[in-house]
Structures are given as structure tokens and as C-alpha cells.
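See structure below.
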Amino acid sequence: MKPADAKGTHECGVRTNAASKRPLYLDGKSPNSIGIYKQQRYVIPMTEFDEVIVELGFSAPGTLTEASVHYRAFLDGQWRQVVRYDNAHGTAYRHQYGPGERIRPYPGMDATELVRTAREDLLRNWPRYRALAEAAR
Amino acid sequence: MTRITPALRRQGQRAIKAGFQWVESALRDPEAYPDFVVVLAFDPETLSRIFTQERLRLWAELHRRPPKSLTALAQRMGRDVSRVRHDLRILERAHMARFEHDGRRVRPVAQAPSIVIAPPA
């Protein structure tokens, strides 16, 4: 994985925490971030070339306010985002990267439901997303 | 292009199920879980690929005495630079190490996630 550059941008285009130089998808700047007291990151290596990263932001114990789920694939020597689900802009949505990239909003969906939706979608469709990302190179 | 075989598909699905099981638990009681977790589905092949004796030694050394460069680390370990780089790349994919670039110098840095090995379903 390439490190963040001086501007704090990770190779996958995500802002990073300058101190740690790790991508922080939940950067505390979205409308949902006010009052976040705890953030967690779960990395789920799937295969040698595929992984899921889940980031959670809690505003109170047991109250999930922010969530992002990223499916990333190791293509051409670096990790690339293939699909991202998050509610960083106040609305839940799925962002599929690459040429003809698609954004699918999930109106009214809360953060917990978004995490579960991402799980189900990835369980069924990750090979298809991977194939589309490879074909788009 | 990596062909996604049925076995690879199942491996990915097992990992997603195992990983999200931990996420579900954290959703209910976030205080009980650390902030940075790598969830590895139990798979002897994957685990033995990551956790060789040499790589674990390397990881421990990264923690004990952070090196100034990749070359310095290789010299200290008495190993070939290319082999050390290869091992660090594998640790990097498990989020146990990362590389910092300072001009032409590459400095490996240890990361310390909590590592969970989810038991077979």
C-alpha cells in the first residue's frame, strides 16, 4: 500500500489522518460526525488480493451514527477501491468505482442497516464487482 | 487477470461472514472491542502464508527497535533486503506493517492491530 502524500491523500483518494498516515474514511467532517466518541476499524482480508474494511463511528454506546464499508482489490500492484458504502454525506449510498461508476442512494437507511446491506451485497456480488474492476483497467 | 474460482469465491464468502460477525458484535457493545481489528477467517493455508517464523520475528523487531530504513532492518536481521521486503509486503497486506517514504528512503513501520482468528463455521 502506498503511503499518504504530503497533502494527506491516500492512494485510493481518501483523506488520511496526517499523524498516522493511515486512511481514515471516517474523517470527522461529515454531517454525521458531530458527537462521535468512538471509532472502530475492522479489516477483513478475504483472499490474497481482496479485502473489506469496515469503519464505525458511535455517538453513544450502542448508537452507530457513521459507517463505511469498503471492498478493495489489489490490482496493478496497489489496493484500489471497488465498492464503497457509506453515509458520510448524511445519506446512505453505494458507490461503485471505475468507468461508468455508479452511485446508488439508499434513502432513509440508517448506519446499522447500511452495514448489513453491504454485507449481504458483498456476499453475493464481490466476484462480479472484482471482475468489473479488472475489466475496467 | 485473477480468475475467481468457486474455491476462491467460497474463501471470500467465509471471510465476509466471519468478519461481519465481529462487526455485528461490536455494533451491540462497542466498548468491549478494540478500535483496530484484523479479522482472519480460519484457513490454514492463509494463516501459514502470513505467520511464518521469519515474519513474526520481523514484526517483533519492527516493534522493538523501529528501523531507519529497510536496508538497516535487513542488515540487522542478517537477511537479504529483497526477502525482507517481500515478507514486509505480506505483513502489510495483513495490516501489520506499512511503509513510509522519505525521499528515496523507505522505512518500514509496525502496525499493531488486534488480530482475531475466527474459528471455522
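Naming convention: chains lettered A, B, ... in sequence-line order (proteins, then strands); numbering from 1 in each chain. Not measured: the values here are computed from a predicted model.
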Partner chain A: residue of B:Ala18, B:Pro113, B:Pro34 with the largest heavy-atom pair count (under 4.5 Å):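 Of B:Ala18, B:Pro113, B:Pro34, B:Pro34 has the most heavy-atom pairs under 4.5 Å with chain A.
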
Do the side chains of [X] and [Y] join up, straight or via other hydrophobic residues, at under 4.5 Å, putting them in one cluster?
X: A:Tyr85; Y: A:Leu132; value: no
X: B:Val81; Y: B:Val109; value: no
X: A:Tyr93; Y: A:Val115; value: no

Engaged part of B:Arg9 at the chain A interface, taking heavy atoms whose separation is under 4.5 Å: both

B:Arg49, part contacting chain A, at a heavy-atom distance under 4.5 Å: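 Answer is side chain: those atoms of B:Arg49 sit under 4.5 Å from chain A.
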
Least distance between heavy atoms, B:Leu8 atom then A:Trp126 atom: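 Heavy atoms only, the tightest pair is O-CZ2, 3.5 Å.
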
Minimum heavy-atom distance A:Leu56-B:Ala26, with the two atoms named: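 Heavy atoms only, the tightest pair is CD1-CB, 4.5 Å.
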
Inter-residue atom distance [X].[atom1] - [Y].[atom2], 0.5 Å rounding:
X: A:Ile44; Y: B:His95; atom1: CD1; atom2: NE2; result: 10.5 Å
X: A:Met46; Y: B:Asp43; atom1: CE; atom2: CG; result: 13.0 Å
X: B:Phe36; Y: A:Glu55; atom1: CZ; atom2: CD; result: 9.0 Å
X: A:Glu48; Y: B:Ile90; atom1: CD; atom2: CD1; result: 7.0 Å
X: A:Thr47; Y: B:Arg93; atom1: OG1; atom2: CZ; result: 9.0 Å

Less than 4.5 Å to any heavy atom of chain B: does that hold for the side chain of [X], its backbone, both, or neither?
X: A:Leu123; answer: both
X: A:Tyr37; answer: side chain
X: A:Val69; answer: side chain

A:Tyr42: side-chain hydrogen bond (donor to acceptor under 3.5 Å, both in side chains) partners, not counting sequence neighbours: none

Looking at [X], I want to see if its [atom1] is surrounded by more than 12 non-hydrogen atoms of other residues, nucleotides or ligands under 6.0 Å.
X: A:Lys38; atom1: NZ; result: yes
X: B:Gln21; atom1: CD; result: no
X: A:Arg128; atom1: CZ; result: yes
X: B:Glu31; atom1: CD; result: yes
X: A:Glu101; atom1: CD; result: yes

Heavy-atom side-chain proximity of B:Val38 to A:Pro45 below 4.5 angstrom: yes

Beyond-backbone contact of A:Val43 with B:Val37, side-chain heavy atoms, under 4.5 angstrom: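 A:Val43 vs B:Val37: side chains apart.
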
Under-4.0 Å salt bridge between B:Asp35 and A:Arg41: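 No, no charged N to carboxylate O under 4.0 Å.
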
Donor-acceptor under 3.5 Å (A:Gln40 side chain, B:Tyr33 main chain): yes

Selection residues 116-127 of chain A - residue pairs positive for salt bridge (charged side-chain N to carboxylate O under 4.0 Å, His left out), sequence neighbours left out: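 Found A:Arg94-A:Asp121, A:Arg116-B:Glu24.
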
